[in-house]
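These notes concern the structure reproduced below.
As the structure lists them, so they are numbered: ligands from 1, and atoms in each ligand from 1.
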Amino acid sequence: MLRNFELLYFRNLVKLRKDDIIKGMKTEIIRMDEGAIRKEDIQKAGSLIKQGELVAFPTETVYGLGADALNKDASRKIYAAKGRPSDNPLIVHISEFSALEKIVVSVPESARRLAEAFWPGPLTMCFYKKDIVPDETTGGLPTVGVRMPNHPVALEFIRGAGGYIAAPSANTSGRPSPTLASHVFEDMNGIIPLILDGGAVGIGIESTIVDFTGEGISILRPGFITKEMIEEVTGMPVQIDPAVNGTSPDAKPKAPGMKYRHYAPKAELTIIEGANQKAVMAYMAQLCKKALEEGKRCGIMVTQEQFKDFQELDGNPGFVMKNLGHEGDEASVAKTLYRVLREFDEEHVDVIYSEGFVQSGVGQAVMNRLIRAAGHRILFVPENG
Ligand code: TXA
Ligand code: MG
């Protein structure tokens, strides 16, 4: 069943998707063991890709929805399957560095250094594209984002499928990116023929996107590879695109995907911040109590260390608390965030309150996703509560 908000996204693309749904395609899930990848599974996935079909696969960041990046009809299918706006370009995934030069006009020295340092890994780099990459893959842009993922299943799959896999995150547009094969199945069952199940992803949020097509180097989307890491490897200053956190209303994002509402849970999510953590937790508990009194179901997203502050609410049937990882360990939060947002959707909560995180290192990427999921709703608790 399609949910209302999903139907909204399908307005322009509903035709192709409807056909797919009528076909009622059977979606097969193949469990892949990283240590013992079976040749016949890679062949099966590769031959589907070569026929212009879609195959979902694990990467170290999130699951991708793959198609042959050099086949325009295959790329178009991705937009239809996701309900994705057609101006939002796809990242091309490769499995060896030599593949890069066949699809982009030139590779600056600083990009080479980044590739050496971080590929395979959670880094996407944007360059001017060669004509061999169809406009359908790049959402009409003259540039292309390229990434070599650090996951044995992804690398084998890309190799077995011709070397160039266009892949966005394998979620329906507007839903949290999938970090488990079961998330992909939730969104893509009946729509794609095959999901390669590599278990839980390692990182949990999407790659850092770096642009080489403007002046200097700029980050279009923060991720696990931070500004500081990029500056250190390139020896050059790195800008962060002003649209990244969407705080300046005039800023036009250079990554078109950043302008769309993303990662939205069904419940209204608010981030509660403040310098005094005790005061923040006390305020969250108070807000939650009030919501419960109003007959609402209330969710709380906090690191495990804060659980004790909500003991009073434990056992209340309308109260749902989710573990976001560990205090001071933003990578653990990155890994759990999208799963927790999906779980809240299933549990039909009405409001969610989340703690905020420091915006440095991986914390910047975590907060970038969390702020978007919250639709920029943030409450600041004064120092004294
Ligand atoms: O970690 C990842 O990057 C995952 C996995 C599957 O590799 N992929 C992913 O793709 O997050 P997607 O489509 O969900 O997000 C791609 C983002 C979008 O915001 C898009 O606008 C931007 O990358 N992008 C792609 N090509 C671009 C280009 N040529 N110029 C600027 N932005 C680009
Ligand atoms: Mg995405």
Please check whether L220 reaches ligand 1 - meaning an N/O of the residue sits under 3.5 Å from an N/O of the ligand, judged on distance alone.
no
For the pair E231 (side chain) and V238 (backbone), establish whether a donor and an acceptor sit closer than 3.5 Å, ignoring hydrogens and angles.
yes
Have a look at ligand 1 and work out which part of K254, if any, has a heavy atom under 4.0 Å from it: side chain, backbone, both or neither.
backbone
Regarding K289 and E293, does a basic nitrogen lie under 4.0 Å from an acidic carboxylate oxygen?
no
Just jot down the ligand 1 atoms closer than 4.0 angstrom to any heavy atom of I209, in number order.
17 (C), 22 (C), 23 (O)
Is K296 reaching over with its side chain to a backbone N or O of G318, donor-acceptor style, under 3.5 angstrom?
no
Numbered atoms and elements of ligand 1 in range of R147, under 4.0 angstrom, heavy atoms
1 (O), 2 (C), 3 (O), 5 (C), 7 (O)
Ligand-residue contact atoms, ligand 1 with T143, heavy atoms, under 4.0 Å:
28 (C), 29 (N), 30 (N)
Record the part of C126 in heavy-atom contact with ligand 1 below 4.0 Å; permitted values are side chain, backbone, both and neither.
side chain
Show the nearest heavy-atom pair for residues I91 and S207, with the distance to one decimal.
CD1-OG, 4.2 Å
Would R84 count as a polar contact of ligand 1, with the cut-off being nitrogen or oxygen pairs under 3.5 Å?
yes
Do the charged groups of D68 and K77 touch, with an N to O distance under 4.0 Å?
no
Heavy-atom proximity to atom 33 (C) of ligand 1, best of P178, P149, P89, G145
P89
For ligand 1, is there an N or O atom under 3.5 Å from any N or O atom of S207?
yes
With nothing but distance in play, are any N or O atoms of E206 less than 3.5 Å from an N or O of ligand 1?
no
Is it true that the side chains of Q364 and T226 contain a donor and an acceptor less than 3.5 Å apart?
no
Give yes or no for whether the N/O distance cutoff of 3.5 Å, strictly under, is met between T59 and ligand 1.
no
Within ligand 1, which atoms have a heavy atom of T61 less than 4.0 Å away?
1 (O), 2 (C), 4 (C), 5 (C)
Kindly confirm whether the Mg ion (ligand 2) is within less than 2.8 Å of some N/O/S atom in S169?
yes
With a 3.5 Å cut-off and sequence neighbours excluded, list the donor-acceptor pairs that the side chains of residues 151-159 form with protein atoms.
{"residue": "H151", "atom": "ND1", "partner": "V153", "partner atom": "N", "Å": "3.1"}
{"residue": "H151", "atom": "NE2", "partner": "E34", "partner atom": "OE2", "Å": "3.4"}
{"residue": "E156", "atom": "OE2", "partner": "R159", "partner atom": "NH1", "Å": "3.3"}

Classify the side-chain pair T59/R147 by whether it contains a donor and acceptor separated by less than 3.5 Å.
yes
By number and element, which atoms of ligand 1 are closer than 4.0 Å to a non-hydrogen atom of L141?
28 (C), 29 (N), 30 (N)
Tell me, please: is P122 in heavy-atom contact with ligand 1, that is, under 4.0 Å?
no
Should you measure from each heavy atom of V144, which atoms of ligand 1 turn up under 4.0 Å away?
29 (N)
Which heavy atom of T138 sits nearest a heavy atom of L141, and at what distance?
OG1-O, 2.7 Å
Ignoring hydrogens and angles, state whether a donor on the side chain of K129 or T137 is under 3.5 Å from an acceptor on the partner side chain.
no
Residues passing the side chain to side chain contact (heavy atoms under 4.5 Å, CB included) test with A111, sequence neighbours excluded, are V107, P108, M125, F127, F212
With atom 4 (C) of ligand 1 as the reference point, say which of T213, V62, I205 has the nearest heavy atom.
V62
Number the atoms of ligand 1 from 1 as they appear, then name those within less than 4.0 Å of a heavy atom of H93, with their elements.
5 (C), 6 (C), 7 (O)
Is R342 paired with D187 through a side-chain N to carboxylate O contact shorter than 4.0 Å?
yes
Check ligand 1 against N88 and write out every atom of the ligand that is under 4.0 Å from a heavy-atom position of the residue.
18 (C), 20 (C), 21 (O)
